[in-house]
Protein chains: 2
Amino acid sequence: MARTATTAAAAPARRAVGRPSKGAIKKEAIVAVALEQIDKVGVYAFSLRDVARSLDVYPATIYWHVNSKDALLADVAGAVMQEVTPPRGKSSWQVWMRDLFFRYRAAVQKHPNVAQLIGAQLVSNSSLRTDLIDGVLIALLEAGATEENLLEAYNCVISSLIGFMTMELAPMPSEEVSQWADALKERVRSISPLDHPTLARYLPKLANKAFIVRWQNGTEVPLDSSFSANVEIFIAGLEGFLQKKTRAVAASETRKPRS
Amino acid sequence: MARTATTAAAAPARRAVGRPSKGAIKKEAIVAVALEQIDKVGVYAFSLRDVARSLDVYPATIYWHVNSKDALLADVAGAVMQEVTPPRGKSSWQVWMRDLFFRYRAAVQKHPNVAQLIGAQLVSNSSLRTDLIDGVLIALLEAGATEENLLEAYNCVISSLIGFMTMELAPMPSEEVSQWADALKERVRSISPLDHPTLARYLPKLANKAFIVRWQNGTEVPLDSSFSANVEIFIAGLEGFLQKKTRAVAASETRKPRS
DNA sequence: ACCTGAACACCGTTCAAGT
DNA sequence: ACCTGAACACCGTTCAAGT
């Protein structure tokens, strides 16, 4: 992989520049084991010493291949992000973007515990997925983005893309889950219809399927229809945002829109 | 506060039911100190032993007032979430919702490190902010939500509300930030205009202001205009989503819309 | 270049025992 | 009811030293 060379270029020459030299293999093994561990025990309980144990080496060994725990986590996030960017086909930007959203969902559903890494942590330095950024920009320009609103539109794409899944797969309070679930259910049951008639009325519809009122996360209760809704809402909203010309002008002068 | 009594009701009677008895004061002091610590060192470096030191007590003392580190973090998140729900005034649902978004932003900007707690962690059990959920439901019903789409719309509100800020305030790789920033800047500079012409072209516009291509987070470089765009995109998209009747019917029969 | 072996300075949590 | 004092089983990271 060319990535080894790229990394070495930026790094303080900690590794030989030329061949992988079996070191590259070890590095990827470490990332693979780390991903396995995270899948198994979650980001919270994940430890470098565990991956060292899995590889039958001393903890310090890990540090020859990787600069820190954070750097390893970044690599793990990058690994999961591979292949989410759809190929730039002949389809419309809406189709491409929908594809992007669902590919991200599929990727992160395979490794649910990595969602919080991508969403809330580094976001995601080393994994600077050039093709993703490029693809989004191209789609946005095709959608009519201008110099004035490209940045904003881009940020909205990324946050919508990642935000929902981060929440859908957010880890539930560890350990005594059932006990906690019972407590939450009880609280849900005890909501006063007098103080909160609307909430009380619709609670049965929301229970365990709506953010804040659920006791299982997306690995056990996937929120498919809500995710789809989010995609459609975002794309429709984005269309409107990119169509409208500079707000102040449009509002004050009321020109004929060139749709 | 009545909250003490409520907590005791659900909990296994670990505290006397009647008066605060000075214990309630201690509990709130713990949460306050924890919030201070998190503001100072971040969620990652936050430790129970530090709050114990700040309060001049033994670590074990904390455990009389709080069940676990996670529970404490949940309480901290709850504290920050207080007062984000706007009062249910006479305004339109759009105005109320915009208000909600900007109040949340203001609240979490005061405690940026808590954003990842709210976004990626528990979401947010104990802090089950009844008034928030109720308010969102009321707004959605006013907007025309039906039995069929209320759940989806609700989930989209929550994820849009929280998702953007979680990313805007996501912690940058700790410690040697400047070193890391330089590396990222270098990589940004070295992007090949041949492989990625679009990206290369617009990179100056994105640099340090766009997700994935920034080396400072929202505490140092706030993304105000992008946040506003996100609010407008979401609300506009939501309007469309709630307006449209059952998709299949509308598509196949092409009835006159009763707008 | 890659790994060992050991150490440092921390953690969260538990538990008997005090008052 | 509330806190002490000490212990248990861990961490991430560093560093001389080996090969």
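Values below: every heavy atom of this structure, side chains too, minus hydrogens, waters and symmetry copies. Protein chains get the first letters and strands the later ones, always in sequence-line order, with residue 1 at the start of each.
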Legend entry - Closest listed nucleotide, where the reference is the side chain of Ser47(A) and the choices are dT4(C), dC11(D), dT13(D): dC11(D)
Rounding to a whole Å, what distance do you find between [X]:[atom1] and [N]:[atom2]?
X	N	atom1	atom2	answer
His65(B)	dC3(D)	NE2	C1'	8 Å
Leu48(B)	dC10(C)	CG	P	16 Å
Arg53(B)	dC11(C)	CZ	P	5 Å
Tyr44(B)	dC11(D)	OH	P	13 Å
Tyr63(B)	dA6(D)	OH	C1'	15 Å
Tyr58(B)	dC8(D)	OH	P	17 Å
Ile62(A)	dG5(C)	CD1	C1'	15 Å
Leu55(B)	dT4(D)	CG	P	11 Å

Inset, instruction - Please indicate whether Glu83(A) has more than 12 foreign heavy atoms, meaning atoms of other residues, nucleotides or ligands, lying under 6.0 Å from its CD. - result: no
Legend entry - More than 12 heavy atoms of other groups within 6.0 Å of Lys69(B) NZ: yes
Inset, instruction - Using ring-ring contact (aromatic ring centres under 6.0 Å, His included) as the criterion, point out the one residue from Phe211(B), Phe102(B), Tyr104(B), Phe101(B) that pairs with Phe164(B). - result: Phe211(B)
Inset, instruction - Would you kindly compare Val57(A) and Arg49(A) by the position of their nearest DNA chain C nucleotide and give the one closer to the 5′ end? - result: Val57(A)
Legend entry - Phe234(B) ring center within less than 6.0 Å of Phe234(A) ring center: no
Inset, instruction - Could you give the distance separating dA9(C) and dA9(D) at their P atoms, to the nearest angstrom? - result: 22 Å
Inset, instruction - Could you tell me which nucleotide pairs with dT4(D) by Watson-Crick or G-U wobble geometry, both distances under 3.5 Å, or answer none if nothing does? - result: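 Pairing partner, where one exists within any strand: dA16(C).
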Counting only side-chain nitrogens and oxygens, does [X] get under 4.0 Å of the OP1 or OP2 atom of [N]?
X	N	result
Thr61(B)	dC2(D)	no
Lys26(A)	dA1(C)	no
Ser68(A)	dG12(D)	no

Inset, instruction - Flag the pair Phe227(A) / Glu152(B) as yes when at least one side-chain heavy-atom distance between them is below 4.5 Å, and no otherwise. - result: no
Inset, instruction - Would you kindly compare Ala45(A) and Ala60(A) by the position of their nearest DNA chain D nucleotide and give the one closer to the 5′ end? - result: Ala45(A)
